[in-house]
*Asks:* 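Let me begin by handing over the structure; questions about it come next.
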Amino acid sequence: MKGSVKKVELASVDDLFSTEESRADDKRERVQEIPLSELHPFKNHPFKVKDDEAMMDTAESIKQYGVLVPAIARPDPNGGYELVAGHRRHRASELAEMETMPVIVRDLDDDAATIIMVDSNLQRESLLPSERAFAYKMKLDAIKHQGVRTDLTSRQVGEKSQTSIQLVANQANESQRQVQRYIRLTELIPPLLDMVDERKIAFNPAYELSFLKPAEQEMLMDAMDYAQSTPSLSQAQRLKKFSQDGKLSEEVMEAIMSEEKKSELDKVTLSSDTLRKYFPKSYTPQRMQETIIKLLEAWQKKRQRDMER
């Protein structure tokens with residue numbers, strides 16, 4: 001009977017003649033040339049992209065040879081693609097006046113994308129303390145959020161025998177303690193963290209200062225400006241103790257910051273302007289320093305000979 005005949009769906013010609021290998025190939029990742037304008041930075045990307053000398057060298061290399069290592073991006077729901085790895089290559093391509101760059105597009109959720117973004121940048125030789133601090137924090141949060149799932153990134157998530165902080169530390173070749181200390185720096189207000197990046201405040205004092213409340217850190221900025229000084233480790237530890245005891249006031253801060261540091265009592269500082277009067281204009285600071293050391297060594301030897309006579 002006609003009514004009992006079921007509708008049969010016929011395979012398309014492409015399906016009939018495609019092989020299992022070709023269908024698998026369709027699913028493989030491919031390198032695509034994507035317009036730079038369609039590539040957007042990763043949300044809360046902790047690594048700074050600067051137009052410094054290294055960036056200019058990269059741009060010049062891209063002009064000559066192109067981008068040799070493809071970036072990684074994921075589709076952006078709002079259009080275009082979100083860069084996961086390759087922010088510096090993207091900026092260098094802009095400086096090289098390129099229109100596109102090679103990109104591997106992957107479907108990644110937030111946690112998987114965060115881990116790839118962090119791992120691809122932690123391999124860089126020089127990282128600012130703030131970059132390392134926020135990178136460790138973002139990766140730790142992503143691993144904690146993934147839990148024991150292993151279908152998203154690498155085997156790191158499935159290693160139940162290790163805690164999340166152990167995974168971050170082991171893969172960064174750091175101790176757990178050091179990773180935790182770096183993450184603690186994210187509690188600093190931006191102006192103080194900038195001073196850590198600029199090496200105006202050392203890492204150990206910065207760690208102690210991170211325990212101050214944000215309002216206290218704001219007061220500390222004023223106290224440092226008043227004293228024209230930054231905290232030593234001892235001063236930072238005392239500021240932390242006063243804060244924990246609820247006794248840290250503006251007056252206490254100014255009193256601590258106005259102390260004369262022992263290291264400053266034994267320090268002699270000569271400005272470059274003072275030294276320049278005694279050297280040719282072609283001398284670099286490094287060459288001036290080397291020359292001064294040689295002169296001091298010669299003077300010391302002469303003094304010893306005079307004393308032996």
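Given the structure is predicted, the values throughout are model-derived calculations rather than measurements.
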*Asks:* For D245, I'd like to know if atom CG has over 12 heavy atoms of other residues, nucleotides or ligands within 6.0 Å.
*Replies:*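 More than 12 within 6.0 Å, yes.
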*Asks:* Start with the C-alpha distance between K139 and Q171, add both sets of side-chain angles, then the distance that settles side-chain contact (heavy atoms from CB on, under 4.5 Å), and finish with yes or no.
*Replies:* CA-CA 11 Å; K139 182 172 181 178; Q171 292 175 4; 2.8 Å; yes
*Asks:* Side chains of L239 and Q217, heavy atoms from C-beta outward: is any pair under 4.5 Å?
*Replies:*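 No, their side chains stay 4.5 Å or more apart.
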*Asks:* Which side-chain hydrogen bond (donor to acceptor under 3.5 Å, both in side chains) pairs, counting each pair once, include a residue from residues 50-64, with sequence neighbours left out?
*Replies:*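 Listed by first then second residue: D51-R91.
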*Asks:* Within a strict 4.5 Å, meaning less than it, do heavy atoms of the L192 and V196 side chains meet?
*Replies:*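 They are not in side-chain contact.
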*Asks:* Is the shortest distance from a Lys or Arg side-chain nitrogen in E259 or R238 to a carboxylate oxygen in the other one below 4.0 Å?
*Replies:*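 Salt bridge between E259 and R238, a charged N being under 4.0 Å from a carboxylate O: yes.
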*Asks:* Any chance CZ of F242 has more than 12 other-residue heavy atoms, nucleotides or ligands included, within less than 6.0 Å?
*Replies:*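 Not more than 12 within 6.0 Å, no.
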*Asks:* Does atom CD of E99 have more than 12 heavy-atom neighbours, drawn from other residues, nucleotides or ligands, at distances under 6.0 Å?
*Replies:*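 Check fails, neighbour count at 12 or below.
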*Asks:* Which atom pair, heavy atoms only, marks the closest approach of L193 to L185?
*Replies:*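 Heavy atoms only, the tightest pair is CD1-O, 4.0 Å.
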*Asks:* Does any N or O in the side chain of T230 come within less than 3.5 Å of the main-chain N or O of K200, such that one atom is a donor and the other an acceptor?
*Replies:*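 The answer is yes, because a donor-acceptor pair under 3.5 Å joins these two groups.
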*Asks:* Do the side chains of E38 and D76 get nearer than 4.5 Å, heavy atoms only?
*Replies:*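 Of all side-chain heavy-atom pairs linking E38 with D76, none is under 4.5 Å.
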*Asks:* Are Y182 and F203, when compared by the centres of their aromatic rings, separated by less than 6.0 Å?
*Replies:*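 Centroid separation for Y182 and F203: below 6.0 Å.
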*Asks:* Quick one: are T114 and H145 in side-chain contact, heavy atoms under 4.5 Å?
*Replies:*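 Heavy-atom side-chain distance check fails, nothing below 4.5 Å.
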*Asks:* Which value, rounded to the nearest 0.5 Å, describes the distance between R89 atom CZ and E94 atom CD?
*Replies:*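 So the CZ of R89 and the CD of E94 are separated by 14.0 Å.
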*Asks:* If we only count heavy atoms from C-beta on, is the Y136 to E174 side-chain gap below 4.5 Å?
*Replies:*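 Yes - at least one pair of side-chain heavy atoms lies under 4.5 Å apart.
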*Asks:* When you compare the side chain of M117 with that of M138, does any pair of heavy atoms fall below 4.5 Å?
*Replies:*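 Heavy-atom side-chain distance check passes, below 4.5 Å.
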*Asks:* We want to know whether N204 and R181 form a side-chain donor-acceptor pair, criterion being a heavy-atom distance below 3.5 angstrom.
*Replies:*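 R181 and N204 do have a side-chain donor-acceptor pair below 3.5 Å.
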*Asks:* Should the heavy atoms of other residues, nucleotides or ligands under 6.0 Å from NZ of K240 be counted, would the total exceed 12?
*Replies:*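 Result for NZ/K240: enclosed.
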*Asks:* For residues R106 and I116, determine if any side-chain heavy atom of one lies less than 4.5 Å from a side-chain heavy atom of the other.
*Replies:*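 In contact.
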*Asks:* For a quick check under 3.5 Å, do T100 and E33 share a side-chain donor-acceptor pair by atom type?
*Replies:*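 Side chains of T100 and E33: pair found under 3.5 Å.
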*Asks:* Between R74 and D110, does any side-chain N to carboxylate O distance fall below 4.0 Å?
*Replies:*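 A salt bridge links R74 with D110.
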*Asks:* Under a 4.5 Å cut-off applied to non-hydrogen side-chain atoms, are D141 and I143 in contact?
*Replies:*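 No - every pair of side-chain heavy atoms lies 4.5 Å or more apart.
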